[in-house]
Protein chains: 2
Amino acid sequence: MRQVPAKLASKLYGAAELIAERGLADAKVDEIADAAGIPKATLYYYFSGKDEVLAFLLADMLELIAGEGGTAASAPGSARDRLESAVEAQLAVMLDHPAVCRALVGDLGRATRLPELAAALQEAFHRPIASLLAEGVSDGTLRPVEDPGAVALSIFGAITVTGLSVAVEGSSNDSATDAARIAASICDLMLNGLATTPANTGLEGDR
Amino acid sequence: MRQVPAKLASKLYGAAELIAERGLADAKVDEIADAAGIPKATLYYYFSGKDEVLAFLLADMLELIAGEGGTAASAPGSARDRLESAVEAQLAVMLDHPAVCRALVGDLGRATRLPELAAALQEAFHRPIASLLAEGVSDGTLRPVEDPGAVALSIFGAITVTGLSVAVEGSSNDSATDAARIAASICDLMLNGLATTPANTGLEGDR
DNA sequence: TCTATCTTGAACTCTCAGTACAAACTCTGA
DNA sequence: TCAGAGTTTGTACTGAGAGTTCAAGATAGA
């Protein structure tokens, strides 16, 4: 895949909607090219096929998510507060790119079969959460858990599925507010839990 | 799609691994037929194409999940306990059918573009959780939340992403134990939360 | 200007999903 | 045992569309 010029990249986003709508398999290359407003020959000059077009779009968004999430995660403040910011930041990027998100969920398989994309996914979502959990234990704002990997995965799942669902369903017109609302709901759940009876949060002592 | 005989259905599971590995798009119909050990003509006698083969496999598994989850959800006991059982039951079925799960995640797009499958997905995963949350509020074993829909979605996301991840990575040889362990981890998180400072759930207790 | 890289239209090849169909086989019921 | 319906399969075919090729313009840097 050649270095993609910015102008071309922005045009490609015009095809994301089409891919999201119909799925990569049912979107003909000619249609993708039409939707992006570029000739098919140009498309093949830069990409080896439609798989690579999707991969490019996804990589672009994941980079954004990793960036925003990373910024939030490394800000000053307690790990717990940063976790909340990171969740919100990730959701905000997703809701800003609903078409790409929908394309992602639709062709997740292709995405995870491309090793560098799978790595980017990991990097964008999972890594920052996992490290914030560990930091939270260190600074005492989060309690330690039995299986941190599974917990990070659960949070990751909650964010992505919720975000994707909103992207698919279509959110209101103010995506930033939506992101904040959903993030608050997820964080409330993850931090405070649902139990009414005091179960077993070992919160008395501390680290 | 004709009524699929049980013998044929069981053979089709032999193709799930192939579909999971390569994705539906890259799995040729001839290969799918070979993997299942049936002639292509027979395949087309029962299905209109490979999409329908995948749809059949998924529908089969989702029905199983809905069944097990539903049974757990309607057992006697507090809503909170039943929630834990339902989570574990859903995970158990997923870990019992790793190839189908991987195929599902790989071609989720196709799946959600088939309306009856999307409905089955909803029915299998989301519905039982959402109603258990509501029941938990009624019977007092779970606290009410701001946005029950988002919370149900989050739990749904935690279960599926964790389950799918294990299905993709490959679990140990005892899938039932794995399911129990992961379910415990998810439920601990969802019920008790991660916060050390008492926000909402704050009494203390022990384990 | 000269040269390298980019851009594009158009015609091409080739793989494969899906179709067609007839022969054989199985089962049921009379 | 036969007739008919439904099922199973081999084989050959068709058509769509992904990806290729190429040569002629456009553009831009030296």
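A, B, ... follow the sequence lines: proteins, then strands. Residue 1 opens every chain.
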Q | Any donor-acceptor pair under 3.5 Å from A/Thr162 side chain to A/Ala158 backbone | A | yes

Q) Is there a donor-acceptor contact under 3.5 Å from the side chain of B/Lys11 to the main chain of B/Ala35? A) no

Given atom [atom1] of [X] and atom [atom2] of [N], what is their separation to the nearest angstrom?
{"X": "B/Asp30", "N": "C/dG18", "atom1": "CG", "atom2": "P", "answer": "11 Å"}
{"X": "A/Ile19", "N": "D/dA18", "atom1": "CD1", "atom2": "P", "answer": "12 Å"}
{"X": "A/Leu8", "N": "C/dT5", "atom1": "CG", "atom2": "P", "answer": "19 Å"}
{"X": "B/Lys7", "N": "D/dT8", "atom1": "NZ", "atom2": "C1'", "answer": "11 Å"}
{"X": "B/Asp26", "N": "C/dT15", "atom1": "CG", "atom2": "P", "answer": "15 Å"}
{"X": "A/Phe47", "N": "D/dA18", "atom1": "CZ", "atom2": "P", "answer": "16 Å"}
{"X": "A/Ile38", "N": "C/dC6", "atom1": "CD1", "atom2": "P", "answer": "15 Å"}
{"X": "A/Leu43", "N": "D/dT21", "atom1": "CG", "atom2": "C1'", "answer": "16 Å"}

Is the distance from OP1 or OP2 of [N] to the nearest side-chain N or O of [X] less than 4.0 Å?
{"X": "B/Arg2", "N": "D/dG6", "result": "no"}
{"X": "B/Tyr45", "N": "D/dT7", "result": "yes"}
{"X": "B/Thr42", "N": "D/dT8", "result": "no"}

Q: Give me the ring orientation class for A/His126 and A/Phe156: parallel if the planes are under 30° apart, tilted from 30 to 60°, perpendicular past 60°.
A: perpendicular

Q: Identify whether any heavy atom of A/Lys50 sits under 4.0 Å from a base atom; if not, whether one sits that close to sugar-phosphate; answer base, sugar-phosphate or nothing.
A: sugar-phosphate

Q. With sugar-phosphate meaning primed atoms plus P, OP1 and OP2, does B/Tyr46 contact a base, only sugar-phosphate, or nothing at under 4.0 Å between heavy atoms?
A. sugar-phosphate

Quick one: which of [options] gets closest to the side chain of [X]?
{"X": "A/Ala41", "options": "C/dG9, C/dA17, D/dG10", "result": "C/dG9"}
{"X": "B/Pro39", "options": "D/dT20, D/dG10, C/dT19", "result": "D/dG10"}
{"X": "B/Tyr44", "options": "C/dC16, C/dT19, D/dG19", "result": "C/dT19"}

Q: Check whether any side-chain heavy atom of A/Gln3 lies under 4.5 Å from a side-chain heavy atom of A/Tyr46, and answer yes or no.
A: no

Q: Would you check if B/Leu58 and B/Leu121 make a side-chain contact, meaning some heavy-atom pair closer than 4.5 Å?
A: no

Q. Closer to the 5' end of DNA chain D via nearest nucleotide, is it A/Lys28 or A/Ser48?
A. A/Lys28

Q. So, does the side chain of A/Lys40 form a donor-acceptor pair with the base of D/dG19 at under 3.5 Å?
A. yes

